Amino acid sequence: MVALIAATLITAASVSLSYRSALQGSGDALKLMALGVAVSLEATLSRMEKGRETLFSDIITEGRWEGLAFIALCDQQGRTLLHSNVHLINRRMPDSQISQVAEKGTPLHDYTTLGTGERVFILYFPVHLPEGRAILKLALHTYPAEKILREARTQAALISFITLALWVMAFFFIRAMKRSERMEKTIAEREQMAVLGEMASILAHEIRNPLGSIKGFAQYVMEQDHLRSRQYLDIIVAESQRLETLTEDLLRYAKPEKTSPTVFGLLELAEEVMYLNRTAGPSSNRIRLTTDIPEGLTIKTDRDKLKQILINILQNAHDALSECSGFALSECSKTALDGHSETGALINISATEVARGNISIIIQDNGPGMDSKTLGSAMQPFFTTKTRGTGLGLAIVGKLIRALNGYIELQSEQGRGTTIKMTFPKETT
Ligand SMILES: Nc1ncnc2c1ncn2[C@@H]1O[C@H](COP(=O)(O)OP(=O)(O)OP(=O)(O)O)[C@@H](O)[C@H]1O
Ligand SMILES: [Mg+2]
């Protein structure tokens, strides 16, 4: 890409340079030719005493010098002494350039348009003849010079076209490369997922059976033996339940996702998951859950999967806020959420319809937030900063979001909180 930009700049500079030198070269060529003709005519005129009247017309008709449009010899007042068009001899033709050349005694050149509409190059050349000073006026056709310019322009257009074609090719090449890179990544991810999934489901099944027996027996003994071993049995049951959740998560993560979309209201779903979250833990009554979802906003997608996504994200926000809304309310829940004024431990779910028929769902908390390293790894399977976490919560979220054709963006700032934004198509088929 850098090489292409550099090549384009160099080409543009060289094209503009060569065009400019062609422009200058064409002007110089005309000037040189006119001067050559003028010097030679001055010599001829000095030698001739008779028969001058037809000299210029003869030169034009014989085509002695290619490109001559007309020749005139004027006195210092602008009267034509000789002209290639003999009818114009002895006429006064007002021309400010003639008086200028007569005054300064140096040649002058200019471009002018003839009555025929043709643009010509004109040289005013002071000559010294036996009878006194006069001015030679030579008009040259510009088409030979224009030919050089046309060629330069064609060359510039060709080079620009080639450069443009190179850019178009580079654009498609880069796009194809990026697409193949993405495909390779997806394939690698799928392969990884397949292996991981297989391992996870084997592991989950292997754990599930003995676990069922352990939990069952513990519960049975607990019912029999009321006092002595109750404390230990409580631990066995709680830990078995934890393992049970882990195996469920593993299976959920490993399972290939099939979606069955239905149309449902987002506010209703949010209230459902908020209710589950409110009853989730000891610090629940300290956390305020709010929604900003327009009534009647619907989406067509897999309800169970979206519900699971919201549950997992709300659980994380809840966990994060429990950390700081413990007994001493620390720094972390002091910031207000976007569009809200109150502080304290807060979680807000908002949803809106955005451009191109998409729905955006944002879950915000004003918990402790994440440092950049945690933020970078949060979606990875088995990444956790919690003593009793599995690290599968957000990995499952990621997987489910992919299954619903959505995407997720995580933003977090330490001490200010976390914002998770998800975008889903309004209708999944
Ligand atoms: N809202 C949040 N605020 C602060 N940190 C968060 C938040 N959400 C996620 N995290 C960080 O991301 C990590 C990964 O989250 P994830 O849900 O995948 O696993 P977990 O919550 O640790 O475990 P599990 O979900 O299995 O209980 C968390 O351990 C935590 O460090
Ligand atoms: Mg979690």
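Just follow the structure's listing: the first ligand is 1, and inside any ligand the first atom is 1. What you see is a predicted model, and the numbers here were worked out from it, not measured in a lab.
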* Residue pair S322 / I287: nearest heavy atoms and the distance that separates them -> OG-CD1, 4.3 Å
* Structure fact -> Nearest heavy-atom contact between V120 and A69 is CG1-CB, 4.1 Å
Within the 4.0 Å heavy-atom shell around [X], which atoms of ligand 1 are there?
| X | answer |
| --- | --- |
| A378 | 12 (O), 14 (C), 18 (O) |
| G389 | 23 (O), 27 (O) |
| T374 | 31 (O) |
| G393 | 16 (P), 17 (O), 18 (O), 25 (O), 26 (O) |

Are [X] and [Y] close enough for a salt bridge, meaning some N to O gap below 4.0 Å?
| X | Y | answer |
| --- | --- | --- |
| E239 | R388 | yes |
| E184 | R179 | no |
| K178 | E181 | no |

* In terms of side-chain heavy atoms, does N405 have a donor or acceptor partner in T428 at a distance below 3.5 Å? -> no
* Compute whether any side-chain donor of one residue and acceptor of the other, for Y124 and D95, lie under 3.5 angstrom apart. => yes
* Asked: More than 12 heavy atoms of other residues, nucleotides or ligands under 6.0 Å from NZ of K421: is that the case?
  -> no
What's the shortest distance from [atom] to any protein heavy atom, and which residue and atom give it?
| atom | result |
| --- | --- |
| atom 26 (O) of ligand 1 | T390 OG1, 2.3 Å |
| atom 29 (O) of ligand 1 | T385 N, 2.9 Å |
| atom 14 (C) of ligand 1 | F383 O, 3.4 Å |
| atom 22 (O) of ligand 1 | T384 OG1, 2.5 Å |

* If hydrogens are left out, which of N316, L321, D249, L392 has an atom nearest to atom 9 (C) of ligand 1, that is, the closest non-hydrogen atom? -> N316
* Pick one of side chain, backbone, both or neither for how D365 approaches ligand 1, counting any non-hydrogen atom pair under 4.0 Å. => side chain
* **T418, portion touching ligand 1 at heavy-atom distance under 4.0 Å** => side chain
* To do: Report yes or no: does N312 have an N/O/S atom closer than 2.8 Å to the Mg ion (ligand 2)?
  => no
Polar contact flag for [X] and ligand 1 (N/O pairs, less than 3.5 Å):
| X | answer |
| --- | --- |
| M370 | no |
| K386 | yes |
| L394 | yes |
| D319 | no |

* Assess the pair F70 and H83: is the distance between their ring centroids shorter than 6.0 Å? => yes
* Would the F121 and H109 ring centres measure less than 6.0 Å apart? -> yes
* Tell me, please, which residues at least two apart from E244 pass salt bridge (charged side-chain N to carboxylate O under 4.0 Å, His left out). => K215
* Asked: Does G391 come within less than 4.0 angstrom of ligand 1, counting non-hydrogen atoms of the residue?
  -> yes
